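Step one of this worksheet: look at the structure below.
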Number of protein chains: 2
Amino acid sequence: MAARARGEERRAEILRAALEVIAERGYRGTTLGAVAERVGLTQQGLLHHFPTKEALLLAVLEDRDHWDTGGGGRRREGWRLELLTSLVDYNAMRPGVVQTFSALLGESVTEDHPARPFFTRRYEQVRADMAESLRDEFGDRLPSGLTPEQAGPLLTAVMDGLQYQWLLDPDAVDMPAVFRDFLTLLRGGDAGPAAG
Amino acid sequence: MAARARGEERRAEILRAALEVIAERGYRGTTLGAVAERVGLTQQGLLHHFPTKEALLLAVLEDRDHWDTGGGGRRREGWRLELLTSLVDYNAMRPGVVQTFSALLGESVTEDHPARPFFTRRYEQVRADMAESLRDEFGDRLPSGLTPEQAGPLLTAVMDGLQYQWLLDPDAVDMPAVFRDFLTLLRGGDAGPAAG
């Protein structure tokens, strides 16, 4: 049991180190060697925990999802619209991890890519959690008239799609502002003073 | 002049062949060798027109944008909401080219990727064209209250983001239906009979 606890602690240390390296060096600059060095392991020692760079990056993304949505028992609450707004604000301050997510998502749609099962499962879960969370918040219809099941995939698409535009041209795309415009639509509210 | 015309014709042939190969074999399965064979060139002959697989694929995507939006002079009209709906319907029937687009977009956000300038320019242009087209269609405010400049990046994000979800799980995500839900929001209309 003590050995297992140490193993899990070491794993958590590696994920934290990987996140730092990603933030500093981006997706392409993140190598297993750089992460091993940061955490004080040989590359061989790191491979014992994560056999490939992809396996390590997917574990980082999984861990991020876990923390972003409040971890463990609070998963449904993690998708409340207010918290999603904070999440998008937060993402706008961490381009490294958003870039890593977006690059891996892009790769995952190609044939037999090792990240494909992760992302397929992730989106199935995200859509279901969002729908549940929206139902808790709004009931069977959002003020705009959409059902929670209609709004889930749209919310997800807006978040992902905006990240690409923002990563490519951060000065031209105000990701948090555009996301708020979408929430205004979703809430069926008015987006500007002149719209009466 | 005749030589140039022949060169352009050959280039167009190569792009058509590449599109066929992409449709049949997907992003990873598309090789310069397979495209050369299809069009009756040696690989060396193909390299004369397109020095890398990426250069060829980006030319295919550029060509697709050109045709999808009506080509040449009709660019603004190409983004009318009605035509975008048809475009999404059409995309749902050609997963190969959508996959190629999505995979390259994912790669393009990594450091110094050769596709980055193409996509950065593309999105700048798409957002501007969409805003112009929405202004032609709706004036300074859409019925939902958004300005054309607010709606442009959102429309783009929804189209791109939905493609990832759909490519990963085509049975779970009805891309054209979700896109129509978004247009309902954008038009400020009602999404379902029970919403009153």
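Residue numbering restarts at 1 for every chain, and letters A, B, ... go by the order of the sequence lines. Given the structure is predicted, the values throughout are model-derived calculations rather than measurements. Both backbone and side-chain heavy atoms feed into the values below; hydrogens, waters and symmetry mates do not.
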### Task
With a 4.5 Å cut-off on heavy-atom pairs, point out which of B:Ala151, B:Ser108, B:Pro117 contacts chain A the most.
B:Ser108
### Task
Taking heavy atoms only and a threshold strictly under 4.5 Å, list by residue number the residues of residues 11-23 of chain A that touch chain B; give 'none' if the list is empty.
none
### Query
Can you tell which of A:Thr110, A:Thr100, A:Asp160, A:Leu104 has the highest number of heavy-atom pairs within less than 4.5 Å of chain B?
A:Thr110
### Message
So for A:Arg25, is it side chain, backbone, both, or neither that comes closer than 4.5 Å to the heavy atoms of chain B?
### Response
backbone
## Note on the structure
Expected contact set for residues 27-44 of chain B against chain A at heavy-atom separation under 4.5 Å reads B:Tyr27, B:Arg28, B:Gly29
### Message
As an exercise, state the distance from CD of B:Gln150 to CG of A:Leu185, rounded to the nearest 0.5 Å.
### Response
9.0 Å
### Query
Which residues, numbered in order, of residues 164-179 of chain B come under 4.5 angstrom of chain A by heavy-atom distance?
B:Tyr164, B:Gln165, B:Leu167, B:Leu168, B:Asp169, B:Ala172, B:Val173, B:Val178
#### Entry: For the student: nearest non-hydrogen atoms of A:Ser102 and B:Val109, plus distance
CB-CG2, 4.2 Å
### Task
Using a cut-off of under 4.5 Å on heavy-atom pairs, state which of A:Leu162, A:Leu105, A:Val98, A:Val158 scores highest against chain B.
A:Leu105
### Task
Look at the side chain of A:Glu107 and the backbone N and O of B:Gly106, then say whether any donor-acceptor pair between them is shorter than 3.5 Å.
no
### Contacts of type side-chain contact (heavy atoms from CB on, under 4.5 Å), residue B:Ala55, not counting sequence neighbours
B:Pro51, B:Thr52
### Task
Check each atom of B:Phe182 against the heavy atoms of chain A and say whether the ones under 4.5 Å are side chain, backbone, both or neither.
both
